[in-house]
Amino acid sequence: MTALPPDAPVIEARDLRKEFVVRVRAGRFRRTKRVVGAVDGIDLTVRRGEMIGYIGPNGAGKSTTLKMMTGVLSPSSGEVRVCGLPPVAQRVRLALRIGVVFGQRSQLWWDLPLRDSFDLLRHVYRVPAAEHAARLRRCRAELDLDGFLDIPVRQLSLGQRMRGELTAALLHGPEVLFLDEPTIGLDLVSRQAVRAFLAELGATGDTTLVLTTHDLADIERLCRRLVVIDHGRVVHDGSIEALHARYGSRRRVVADLEEPLAEPPVLPGAPLLRVEADGRRLVFACESATASEVVAGLARLVALRDIAIEEPDIEDVVARLYRAPAPTPAPTPAPAGDVAQGCSITSTAKVPGASAS
Amino acid sequence: MGSVTATVAPPIGRNIIPWFRTFAAITGSGFRRYSTYRQATVAGAFTNTVFGFLRCYVLLAVAAGAGGVAAGYSPAQLATFVWVGQGLLAVVLLWRWTDLADRIRTGEVASDLLRPVHPVVSYLATDLGRAGYALLTRFLPPVLTGLLFFDLVLPSRWQTVPLFVLSVGLAVVICFGCRFLVNATAYWLYDARGAMILWTLSSGVLAGLYFPLRFLPDWAAVPLWLATPFPSLLQTPLDVLVERDGAGIQAGMVGVQVLWAGLILLACRRVQRRAERKLVVQGG
Ligand SMILES: Nc1ncnc2c1ncn2[C@@H]1O[C@H](COP(=O)(O)OP(=O)(O)OP(=O)(O)O)[C@@H](O)[C@H]1O
Ligand SMILES: [Mg+2]
């Protein structure tokens, strides 16, 4: 085994690229070749114990990156090392040290019950029996597997299978976990169970996690670092807060009025974003004004029925990133005039006593 | 075939016991996986038995027409050839194995590559498990039926039974290798159906399923035996069992099988390595 120094990067990618040649129909019989740059020069360094959310719109190149990092796909150019190993050349050796879940495809044996699959994995990865049993016990408890351990995988529901997949990826105690949409198709309860489980795994600081998902709540719960890619390039690499700062996400104040107003009030430092409900609801962005200043200002000017303050929302800010026309390589602070639209109803914080007559 | 991987060569001596344990575990799982398909097993055994009657009557008629002995086989030897052949058909599994091609097409082959075992090794181990299960469930019914309804020959030499067992094992390995190679064309062609059809057509005739290859003149039979793996798939174990030739040739034919088994497995490993270099895992 390659012993890495403790602070060495677990994953390192330098100008990683993958191009696919696809044949597209051009006319009735003719076919022309077209080169698709699925991954277009990714640089990434991940250290031990980091949990990164690797996100991007459909077709951004996330799965392709993960395939190259796990050694099942050769890069067109560039360099990648995982646990100090070149993944394709040392695939078998690397396989012992990583755990992988590709949500859309099963790694379990279709005809075997989960119990048998897990047992087989113990032999395939040559895990000492006691270690294997301890890990399995933990997964059974936390992912609630006991109800379907003896059912062949082909008869499991998607969510049951996914919990099985996750267990299968963990039984050999991998150093790095690559999860490509692991919460796909899970119900709320299972999703929370999986998140809690991964959070606990991350808390120990030994396991490195690369998580791809379209459910940003997964990321919010688990990953302090967010790597956003688009068109095969990194467009953001940093914390969620940095992303909010970059796009100037602000809190918002939502005011419900007693009477619709013909002329909405003007508040300094808090531009009006929207008027809803036939003029009975006003939404302000807290730009340079604080939320309490906005509330106080409103209470002075209009008759309030109710008021709510909303936190900036990750979905909106990420959506704005996805919509951005050309990917910029490095994160740059947003210009001051870039006003927040990034808030949602999901994280609403009511201000007690803010109702005015 | 002694190493676990094509890309890394671990110190074999130290790893050989855990390696066999892993191999055995995968074989066991192959056995269990196929044992879940009971109905298919019953239907297959039934079909093979029915076709056994057809083939047996045809060959016995041919032998009768030739005045008792046809191509060096007595009627009892011919009947044994047919009935044991019907049983072996499912054990070596000439046809209907598309697992690898399907997994390449859907991209599920990625899961095979993510395991710390060389794909050729894990597919072979699985196939041996499958063959073991077929030996219990698909081999015995036609053979017992043949024993019940026809005059079969029993081995007269002491070495015949061990040679036959070895020969069947080698036939399974060679046939696995051929199927693996045929399936592996999907790595390049995306769809292995063309290669599969070609394989199905040629293997049935050239393995000795439709008629014993000894019906062919020597100038055709000998090169076929030495230069192609086909006779090693079915004809050889059957000739070994019915003692068609003297003890020397009987053992020599198994020797040819050993060579073919080694050659085919090397070819599989090589093809797999090439495929991995250009492999495109389908699907996101
Ligand atoms: N086998 C392939 N052959 C040709 N093009 C491919 C292949 N696999 C992926 N691509 C292309 O590469 C690009 C990136 O695909 P990839 O699967 O990595 O996206 P993704 O970020 O995982 O998207 P999603 O969120 O939809 O899973 C896409 O434009 C896709 O069409
Ligand atoms: Mg994907």
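Excluded from the calculations below are hydrogen atoms, water molecules and symmetry mates; all remaining heavy atoms, backbone and side chain alike, are included. Numbered from 1 within each chain, the chains take letters A, B, ... in sequence-line order.
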A.B. asks: Are any side-chain N or O atoms of A:Arg91 and backbone N or O atoms of B:Leu113, one a donor and one an acceptor, separated by less than 3.5 Å?
C.D. replies: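 A pair under 3.5 Å: yes.
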A.B. asks: At a 4.5 Å cut-off on heavy atoms, which part of B:Tyr37 comes close to chain A: side chain, backbone, both, or neither?
C.D. replies: side chain
A.B. asks: B:Leu114 and A:Phe102: which non-hydrogen atoms are nearest, and at how many Å?
C.D. replies: CD1-CE1, 3.9 Å
A.B. asks: Rounded to the nearest 0.5 Å, what separates atom CG in A:Asp119 from atom CZ in B:Arg32?
C.D. replies: 7.0 Å
A.B. asks: Heavy-atom distance under 4.5 Å to chain B: side chain of A:Leu121, backbone, both or neither?
C.D. replies: side chain
A.B. asks: Heavy atoms only: give me the nearest A:Arg126-B:Thr22 pair and the separation to one decimal.
C.D. replies: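 Looking at all heavy atoms of both residues, the shortest contact is NE-OG1, 3.2 Å.
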A.B. asks: To check you understand the geometry: which heavy-atom pair defines the closest contact between B:Pro116 and A:Ala95, and what is its length?
C.D. replies: N-CB, 3.8 Å
A.B. asks: Heavy-atom distance under 4.5 Å between the side chains of A:Pro152 and B:Thr36, does that happen here?
C.D. replies: no
A.B. asks: What I'd like to find out is whether the side chain of A:Tyr125 reaches to under 4.5 Å of the side chain of B:Arg115, using heavy atoms alone.
C.D. replies: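 Yes, at least one pair of side-chain atoms sits under 4.5 Å.
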A.B. asks: If I measure from the heavy atoms of chain B, does A:Ser117 come under 4.5 Å with its side chain, its backbone, both, or neither?
C.D. replies: neither
A.B. asks: Are more than 12 heavy atoms, taken from residues, nucleotides or ligands other than B:Arg270, located less than 6.0 Å from that residue's CZ atom?
C.D. replies: no
A.B. asks: With a 4.5 angstrom heavy-atom cut-off, is it the side chain or the backbone of A:Val124 that approaches chain B, or both, or neither?
C.D. replies: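 For A:Val124, the contact with chain B is made by backbone and side chain together.
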A.B. asks: Less than 6.0 angstrom from the centroid, inside 45 degrees of the normal: does B:Arg103 satisfy that with respect to the ring of A:Trp110?
C.D. replies: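 Checked: cation-pi criterion not met.
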A.B. asks: Between B:Ser111 and A:Ser106 (side chain of the first, backbone of the second, donor and acceptor by atom type, cut-off under 3.5 Å), is there such a pair?
C.D. replies: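 Indeed, once roles are kept as given, a pair shorter than 3.5 Å links the two residues.
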A.B. asks: Indicate the atoms forming the closest heavy-atom contact of A:Arg105 with B:Ala110, along with that distance.
C.D. replies: NH1-CB, 4.2 Å
A.B. asks: If you draw a 6.0 Å radius around CZ in B:Phe51, do more than 12 non-hydrogen atoms from other residues or ligands fall strictly inside?
C.D. replies: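 No, because the 6.0 Å sphere around CZ of B:Phe51 holds 12 heavy atoms or fewer from other groups.
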